[in-house]
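The residues of the chain are indexed from 1 along the displayed sequence. The model shown is predicted, which means the values in this text are computed figures rather than measured ones.
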Amino acid sequence: AEDEVALFEKDMKEFWMQLKISYGTEQNSQTSALRDLCKETIEALSEKWSKKLKEEDLMIDKIQEYNNEILQQSKYIAEKEEQLTEIKSKLNQEEEQQQNLTDIIQDLKEELMRKMEVKSSKNKAAKEKMEQVSKITTLFKEHLGLEIRRIHDEQLQFIFRHIDHKDPDKPYLCTLSINEKGDYEVTSCTPPLDCIAELQLKLRETNNFSAFVANIRKAFTALSYK
């Protein structure tokens with residue numbers, strides 16, 4: 001703006017110099033010629049500065065347009081940054097949930113493995129007990145008139161004979177199984193014995209299967225004489 005003012009002052013000085021020169025050398029020139037020159041000069045200056053003002057107005061409009069565009073871009077960037085912050089927050093939450101889910105799955109796996117180990121241990125113990133029973137089956141059958149059968153639900157049925165001296169072939173039955181805790185359990189006894197609960201408890205405490213079978217036989221024998 002200062003340069004334009006200086007330029008304007010320069011143009012006005014040149015105008016007045018021309019005016020003085022014309023007045024000094026041609027004092028007798030016609031007044032109309034001087035007036036025309038003044039008019040032309042003023043019109044030229046007016047046109048020149050009018051053009052400059054229009055250019056400045058256009059420049060101001062352009063600057064305002066640029067400012068508006070910058071403002072819109074700033075708003076757009078702010079919105080995108082807010083959206084990006086929300087997305088990052090959601091991603092962090094999802095990662096945390098994923099980690100929690102992974103931890104839960106790991107805990108469930110470990111718990112399942114522990115249960116499987118316990119179950120395997122119980123199955124092994126049950127298998128060992130069944131093998132123990134099978135090993136002495138032949139001995140009992142030969143010497144005590146005992147027959148052992150494997151029936152439904154992995155139960156063992158003991159069939160005692162030679163109990164009743166009046167009817168040696170009469171069967172006396174006792175059915176034994178291994179429960180979920182891995183303990184022996186008498187599921188049936190025919191004819192019933194009053195001492196069966198006591199004999200079952202003693203078998204669990206001592207794990208002496210041979211003594212249990214012998215005691216059952218003694219109880220059936222005593223019952224046959226009543």
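Using modelled atom types, no side-chain atom of Arg217 and backbone atom of Leu146 make a donor-acceptor pair closer than 3.5 Å. With hydrogens and angles ignored, the 3.5 Å screen pairs no side-chain donor or acceptor of Asp153 with any backbone N or O of Gln155. Looking at Thr85, its side chain does come within 3.5 Å of a backbone N or O of Glu81 through a donor-acceptor pair. Formation of a donor-acceptor pair under 3.5 Å by the Asn179 side chain with backbone atoms of Asp183 is found in this model.
The pair Arg149-Glu147 counts as a salt bridge, with a side-chain nitrogen and a carboxylate oxygen less than 4.0 angstrom apart. The pair Lys115-Glu111 meets the salt-bridge criterion, since a charged nitrogen lies less than 4.0 angstrom from a carboxylate oxygen. Look at Arg150 and Glu154 and you find a salt bridge, because one of the NZ, NE, NH1 or NH2 atoms lies within 4.0 Å of a carboxylate O, short of that distance.
Contact annotation: the side chain of Pro171 approaches that of Arg161 to within less than 4.5 Å [non-hydrogen atoms, C-beta and beyond]. Considering only heavy atoms from C-beta on, Leu173 comes within 4.5 Å of Gln157 through its side chain. Taking 4.5 Å as the limit, every side-chain heavy atom of Met59 sits out of range of all side-chain heavy atoms of Gln64. Contact annotation: the side chain of Tyr184 approaches that of Leu176 to within less than 4.5 Å [non-hydrogen atoms, C-beta and beyond]. At least one side-chain heavy atom of Asn67 sits less than 4.5 Å from a side-chain heavy atom of Ile63. Glu110 places none of its side-chain heavy atoms less than 4.5 Å from the side chain of Met113. Contact of the Ile216 side chain with the Leu193 side chain is registered, since non-hydrogen atoms from C-beta on lie closer than 4.5 Å. Contact annotation: the side chain of Cys174 approaches that of Val186 to within less than 4.5 Å [non-hydrogen atoms, C-beta and beyond].
The distance from atom CG of Asn215 to atom OG1 of Thr221, rounded to the nearest 0.5 Å, is 11.0 Å. Note: Gln99 CD to Ile104 CD1 = 10.5 Å, rounded to the nearest 0.5 Å. For the atom pair CG (Asp107) and CG (Leu112), the distance works out to 12.5 Å, reported to the nearest 0.5 Å. One finds the CD atom of Gln200 at 11.0 Å from the SG atom of Cys189 (value rounded to the nearest 0.5 Å).
When every heavy atom of Ser224 is checked against every heavy atom of Asp164, the shortest pair comes out as CB-CA, 4.3 Å.
Here Tyr172 and Phe220 bring their ring centres to under 6.0 angstrom of each other.
Applying the 6.0 Å contact sphere to CD of Glu47 captures no more than 12 heavy atoms from other residues, nucleotides or ligands. By the 6.0 Å contact criterion, CD on Glu180 is open, its count of non-hydrogen atoms from other residues, nucleotides or ligands being 12 or less. Enclosure of atom CD in Glu82 is not indicated, since only 12 or fewer non-hydrogen atoms of other residues, nucleotides or ligands lie within 6.0 angstrom.
Using modelled atom types, one finds no donor on one side chain facing an acceptor on the other under 3.5 Å when comparing Asn92 with Glu96.
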- Message: For a side-chain contact (heavy atoms from CB on, under 4.5 Å) check, start with the C-alpha distance between Ile70 and Gln72, then their side-chain angles and the critical distance, and finish with the verdict.
- Response: CA-CA 5 Å; Ile70 292 173; Gln72 293 297 326; over 6 Å; no
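Note on Ile196: it clusters hydrophobically with Phe209, by side-chain heavy-atom contacts below 4.5 Å among ILVMFWY residues.
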